[in-house]
K.L.:
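The structure's right below; bear with me while I get my questions together.
One-based numbering, in listed order, for ligands and for the atoms of each. Computed from heavy atoms alone, side chains included, the values below leave out hydrogens, waters and symmetry copies.
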Amino acid sequence: MRFTFTCHATDGHARTGVLSTPRGDIRTPAFMPVGTAATVKAMSIDQVKSTGADILLGNTYHLMLRPGGERLARLGGLHHFMGWDKPILTDSGGFQVWSLAGLRKMTEAGVEFRSHIDGSRHMLTPERSIELQADLIGSDIIMQLDECTTFGSSHEEALVSLELSARWGERSKVAFGGTRATQALFGIVQGSVFPDLRKRSADALKSIGFDGYAIGGLAVGEGHQLMCQTLDVTVPELPMDRPRYLMGVGKPIDLVEAVHRGVDMFDCVLPTRAGRHGQAWTWDGPINIRNARFAEDPDPIDPTSTCPASSRPSKAYLHHLFKAEEILGQTLLSWHNLGFYQDLMAAMRAAIAKGQFQDLRARLRQRWG
Ligand SMILES: N#Cc1ccc(CCNc2nc3cc4nc(N)[nH]c(=O)c4cc3[nH]2)cc1
């Protein structure tokens, strides 16, 4: 059975539905925990599963460097390697090369770079990225190789960049082999913050034809308002019957505003990275558990939560763990934050289904400012 995306309800531009894949269904709007190096940092795979996540994100850049694509394939692929039998989406590597690798050389062919781990030389082309994702890692949703246009680029620079990404999108589709029975290929829209270029990029990708469309080039320093304004002009250019994935986003308020504009899928390191640094997200906004006011707070973060990390340990205990630099603190707050993100997505799906998304959005905007 191939991929099918079904919308069950809409509320304005917001929509809720299911992306059915051979490895399982993804309830949308969906949040994907980030499992960069074959692990959602500080979490066991059972803890991740317990939060209700339907799909994880992996990074081709990290996995190709360590343990290596061919080694991962010899070990049965990423699902078997990390013990996750539900869907996995992998990013194609371009963004991570720019944010992590040293000594990069960008050409029409692809990007040459040195590993941030051991300085070894690597070449990533659209064709190699597809081979890594589809054949070696074995991911279910594959991203084209693209260039994430830096925020602050000129209109001309953004045009040159989006046209490169469109050519790489075409090459990715050819390497992927048109359509596959059990895997999906997503294109990535660029165009920075320029409405005309976002339309141009979307038109180019639609003419190539993808199973889903990601919105790239955002959450790169443009700020919440400009991100929302760019979504306002980009989402309407994307096909209604295909999933829309906003890459690298974001804070809870970002998710609410993007769902309001018709986005279906998200990924972000924030809940786990911030969790490892003591920040816990709550329905009343974020708190930092290392603050002295929690030193003798006997109550859990959220006694009503189904997540054990939210409903059982007291804030005093979590405060202690962070003061003592105990690893358990990082696990418990990462677990809590991922549980909170999944509860937020579930609340948005339910509100859209009941035609009450605007009430939820208004309440959360008021609370989170
Ligand atoms: N803590 C924390 C934290 C750290 C970084 C971020 C920003 C992530 N933003 C972001 N990820 C992206 C991945 C991307 N991947 C690709 N292939 N293309 C993109 O344009 C792209 C754009 C992105 N923008 C958000 C939260």
Side-chain angles (χ1 to χ4, degrees), residues 31-36 40-42 57-64 89-101 104 106 110-111 113 124-126 128-130 132-133 139 141-153 157-158 161-162 164-166 168-169 172 185-194 197-198 201-202 205 210 212-224 226-227 230-231 234 244-255 258 263 265-281 286 288 330 333-334 337-338 341:
F31 182 79
M32 301 182 276
V34 174
T36 292
V40 178
K41 294 190 189 316
L57 178 133
N59 275 311
T60 301
Y61 169 80
H62 296 79
L63 295 169
M64 71 186 279
L89 178 150
T90 40
D91 198 353
S92 47
F95 182 83
Q96 289 77 31
V97 167
W98 291 107
S99 48
L100 282 167
R104 303 166 299 255
M106 165 74 92
V111 55
F113 62 93
L124 197 53
T125 64
R128 176 62 177 165
S129 182
I130 294 296
L132 280 159
Q133 296 177 74
S139 74
I141 300 178
I142 286 136
M143 304 307 292
Q144 71 157 89
L145 186 68
D146 65 323
E147 180 184 60
C148 176
T149 309
T150 47
F151 174 57
S153 298
E157 287 162 336
S161 178
L162 83 84
L164 174 67
S165 288
W168 282 2
S172 299
L185 177 66
F186 281 20
I188 304 176
V189 178
Q190 295 292 340
S192 189
V193 294
F194 305 105
L197 297 187
R198 282 285 173 181
S201 177
L205 294 184
F210 288 97
Y213 294 84
I215 301 165
L218 290 177
V220 288
E222 77 282 357
H224 179 80
L226 206 38
M227 181 186 77
T230 306
L231 290 175
T234 306
R244 300 141 176 185
Y245 161 32
L246 178 53
M247 306 186 85
V249 174
K251 298 189 299 297
I253 192 64
D254 297 328
L255 301 178
V263 175
M265 297 167 70
F266 302 87
D267 86 275
C268 194
V269 295
L270 185 59
T272 39
R273 188 176 299 175
R276 294 196 303 278
H277 292 90
Q279 185 171 65
W281 286 86
N288 196 303
Q330 297 184 30
L333 276 203
S334 298
N337 281 341
L338 287 180
Y341 267 58

K.L.:
Would you call Leu124 and Leu132 a side-chain contact if the rule is heavy atoms closer than 4.5 Å?
P.N.:
yes

K.L.:
How far does OH of Tyr341 sit from CG of Asp267, to the nearest 0.5 angstrom?
P.N.:
11.0 Å

K.L.:
Grab the two heavy atoms, one from Cys268 and one from Gly250, that are nearest each other, plus how far apart they are.
P.N.:
CB-N, 3.5 Å

K.L.:
For Gln133 and Thr60, which heavy atoms make the closest approach, and how far apart are they?
P.N.:
CG-OG1, 3.2 Å

K.L.:
Could you pull out every N or O of ligand 1 that sits under 3.5 Å from a protein N or O, with the distance for each pair?
P.N.:
residue	atom	partner	partner atom	Å
ligand 1	9 (N)	Ala219	O	2.9
ligand 1	15 (N)	Asp91	OD2	2.8
ligand 1	17 (N)	Asp91	OD1	2.8
ligand 1	17 (N)	Asp146	OD1	2.9
ligand 1	18 (N)	Asp146	OD2	2.8
ligand 1	20 (O)	Gln190	NE2	3.0
ligand 1	20 (O)	Gly217	N	2.8
ligand 1	24 (N)	Leu218	O	2.8

K.L.:
Hey, does the side chain of Ser165 reach the backbone of Glu147 with a donor-acceptor pair shorter than 3.5 angstrom?
P.N.:
yes

K.L.:
So, for Gly216 and Arg198, which heavy atoms are closest and what is the spacing to 0.1 Å?
P.N.:
O-NH2, 2.8 Å

